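Data first, discussion second: the structure below is written as structure tokens.
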Amino acid sequence: MTNALPRIGFIGIGLMGHGIAKNIASKGFALTFLKRRSMPDAGADLIALGATEVATAREVAAASDIILLCVTGSPDVESSCFGSNGIAEAARAGMMVVDTTTAEPTSTALLRERFIALGIEFVDAPLTRTPVEAELGKLNTMVGATDAVFAKLEPVLKAYCENVFHVGPPGAGHKVKLMNNFIAQAICTATAEAFAASVKSGVDPKQLVRVVSAGGVNSGMFQAMAKTLDGDMNGIKFQLDNARKDLRYYTHFTESMPLTSWIGEAVHQSLVQACAMGLGDGMLAELVTAQERVNGVKITP
């Protein structure tokens, strides 16, 4: 890389990826991108900003100095990196690959070793917040990297993030993200159950919301779940099946240490149950719908 802005490659123009890529392109970085198969019509506005669309991860790598991935999970990351027409086929020493996906730490470690052998840095920099903040360039990211690598990468991350946290050495970013998501899903799962307990015991759940809102138990996730009481099932724009996947990664993470994780397993199974009911394509608030079905109560209007 020279003193000029690095060329950026982006793999995964989806709900989160679109906003990230848009902010990168609008801030003067040359951008080459690959769309997600689930969003074939995305990207026209990126091209209008001067970005270039290509058909394979290999072509993204050939045109880029730093490549960002924003895909569904570790299998997609692995395929994008070392699958047919993957990044590794156009590998050059000195490149950097940045994984913003919520991924399995064990997979991340293995990929890092394979890239190191090619002279390439593999950085974990997963995200929090929603597609709304992605479009605004106000995501949060937690980065696992050496100090030197973080210093090189930080200007790129600031193109689409409001808060950039260097949380530790390589691998720390994905670990912190799983713990963050565990806490978030635990709040959502507990809130849905509490709403069912309210209704079944004859208490208006809106009275519970009044009390929680005024105390230390309150949180942004709780308030988003509380919107279900007014019929808003999209207060948290995060798909239930993705939450299930993230909690599976979290329980794998705790098992690998090993660490007891009774709460993690309970939250994971609550998400599995909701997805088994056919609610996985909906947003997190469908945990309330699952409680309605399991317990024979009516919580939403």
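Here the structure is a predicted model, which means the values were calculated and not measured.
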Original post:
Is there a side chain to side chain contact (heavy atoms under 4.5 Å, CB included) between Lys237 and Leu284 once you walk through the steps?
Top reply: CA-CA 7 Å; Lys237 295 190 181 300; Leu284 266 176; over 6 Å; no
Original post:
Would Asp246 and Phe238 satisfy side chain to side chain contact (heavy atoms under 4.5 Å, CB included), going step by step from the backbone distance to the final call?
Top reply: CA-CA 11 Å; Asp246 289 357; Phe238 189 66; 3.3 Å; yes
**OP:** With side chain to side chain contact (heavy atoms under 4.5 Å, CB included) as the test, would you mind laying out the steps for Leu68 and Ile24 before giving the verdict?
**Re:** CA-CA 11 Å; Leu68 279 72; Ile24 289 171; 4.1 Å; yes
**OP:** Kindly indicate, with the supporting measurements, whether the criterion side chain to side chain contact (heavy atoms under 4.5 Å, CB included) is fulfilled by Asp65 and Met95.
**Re:** CA-CA 5 Å; Asp65 302 308; Met95 288 174 57; over 6 Å; no
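Linking ILVMFWY side-chain heavy atoms closer than 4.5 Å, directly or via other members, places Ile20 and Ile47 in a single hydrophobic cluster. Hydrophobic clustering, with ILVMFWY side chains joined whenever heavy atoms are under 4.5 angstrom apart, groups Phe253 together with Leu259. Follow the hydrophobic side-chain contacts under 4.5 Å out from Met221 and you reach Val217 in the same cluster. Val209 and Val203 fall into different hydrophobic clusters, where Ile, Leu, Val, Met, Phe, Trp and Tyr side chains are chained together by heavy-atom contacts under 4.5 Å. Trp262 and Tyr250 are assigned to two separate hydrophobic clusters, defined by single-linkage of ILVMFWY side chains at heavy-atom distances under 4.5 Å.
For the pair Thr100 and Met16, the minimum side-chain heavy-atom distance is 4.5 Å or more. No side-chain heavy atom of Val98 sits under 4.5 Å from any side-chain heavy atom of Ile67. When side chains are defined from C-beta on, Leu31 counts as touching Phe10, because their heavy atoms get closer than 4.5 Å. Ile236 is not listed as a side-chain neighbour of Thr130, based on a closest heavy-atom distance of 4.5 Å or more. Side-chain contact check for Lys298 versus Val199: every heavy-atom pair is 4.5 Å or farther apart. At a threshold of 4.5 Å between non-hydrogen side-chain atoms, the residues Pro6 and Val156 count as touching. With a 4.5 Å cut-off on side-chain heavy atoms, Leu229 and Thr300 do not count as touching. The shortest side-chain heavy-atom distance between Arg7 and Ile66 does not fall under the 4.5 Å cut-off.
Under the 4.0 Å criterion applied to side-chain N and carboxylate O atoms, Glu162 and Arg129 are assigned as salt-bridge partners.
From Lys35, atom NZ reaches atom CD1 of Ile13 across 9.5 Å, with rounding to the nearest 0.5 Å. To the nearest 0.5 Å, atom CD1 of residue Ile120 and atom CG of residue Leu111 are 11.5 Å apart. Taking CZ of Phe222 as the reference point, atom OG of Ser213 lies at 5.5 Å (rounded to 0.5 Å). For the atom pair CG (Leu287) and CE (Met283), the distance works out to 12.0 Å, reported to the nearest 0.5 Å. Going from atom NE2 of His18 over to atom CG of Asn23 covers 9.5 Å, rounded to the nearest 0.5 Å. Rounded to the nearest 0.5 Å, atoms CD (Glu286) and CD (Gln291) are 12.5 Å apart.
Scanning both residues, Asp232 and Gly235, for their nearest heavy atoms gives OD1-N, 3.5 Å. Closest non-hydrogen pair, Gly83 versus Glu89, comes out as O-OE2, 3.7 Å. Minimum interatomic distance between Ala285 and Met225 (heavy atoms only, all atoms of both residues): CA-SD, 4.1 Å. In terms of heavy atoms, Thr191 sits closest to Ile187 at OG1-O, 2.7 Å. Scanning both residues, Ala90 and Ala62, for their nearest heavy atoms gives CB-N, 3.8 Å. The heavy-atom pair separating Thr141 from Pro126 by the smallest distance is OG1-O, 2.9 Å.
Formation of a donor-acceptor pair under 3.5 Å by the Thr189 side chain with backbone atoms of Ala186 is not found in this model. Using modelled atom types, no side-chain atom of Lys22 and backbone atom of Leu46 make a donor-acceptor pair closer than 3.5 Å. Under the 3.5 Å distance criterion, the side-chain polar atoms of Thr254 are matched with a main-chain donor or acceptor of Thr251. In terms of modelled atom types and a separation under 3.5 Å, the side chain of Arg244 and the main chain of Gln239 share no donor-acceptor contact. When atom types are taken as modelled, the side chain of His252 and the backbone of Glu104 share no donor-acceptor pair closer than 3.5 angstrom.
Hydrophobic cluster membership for Leu136: Val132 (Ile, Leu, Val, Met, Phe, Trp, Tyr linked by side-chain heavy atoms under 4.5 Å, directly or transitively).
Taking the six-membered ring where tryptophan is involved, the planes of Phe82 and Phe115 are tilted, since the angle between them lies from 30° to 60°.
With 3.5 Å as the limit, one finds no donor-acceptor pair spanning the side chains of Glu59 and Thr32. A side-chain N or O of Asn218 and one of Gln223 form a donor-acceptor pair less than 3.5 Å apart. Side-chain atoms of Ser261 and Glu255 form no donor-acceptor pair, as typed in the model, at a separation below 3.5 Å.
Crowding of Arg210 atom CZ: a count of heavy atoms from other residues, nucleotides or ligands under 6.0 Å not exceeding 12. In this structure, Leu49 places its CG atom where more than 12 heavy-atom neighbours from other residues, nucleotides or ligands lie under 6.0 Å away. By the 6.0 Å contact criterion, CD on Glu193 is open, its count of non-hydrogen atoms from other residues, nucleotides or ligands being 12 or less. Dense packing is recorded around NZ of Lys27, with more than 12 heavy atoms of other residues, nucleotides or ligands lying under 6.0 Å away.
Partner of Leu271 under the side chain to side chain contact (heavy atoms under 4.5 Å, CB included) criterion, chosen from Asp241, Asn242, Leu240: Leu240. Ile11 pairs with exactly one of Cys81, Cys70, Ser64, Ser80 by the side chain to side chain contact (heavy atoms under 4.5 Å, CB included) rule, that one being Ser80.
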Cut-off 3.5 Å, no hydrogens considered: what does the side-chain donor-acceptor table look like for residues 171-180, sequence neighbours left out?
from: His174; atom 1: ND1; to: Thr108; atom 2: OG1; distance (Å): 2.7
from: His174; atom 1: NE2; to: Thr101; atom 2: O; distance (Å): 2.8
from: Lys177; atom 1: NZ; to: Thr102; atom 2: OG1; distance (Å): 2.6
from: Lys177; atom 1: NZ; to: Leu127; atom 2: O; distance (Å): 2.7

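In terms of the side chain to side chain contact (heavy atoms under 4.5 Å, CB included) criterion, residue partners of Arg293 (sequence neighbours excluded) are, by chain and number, Met277, Leu279, Thr289.
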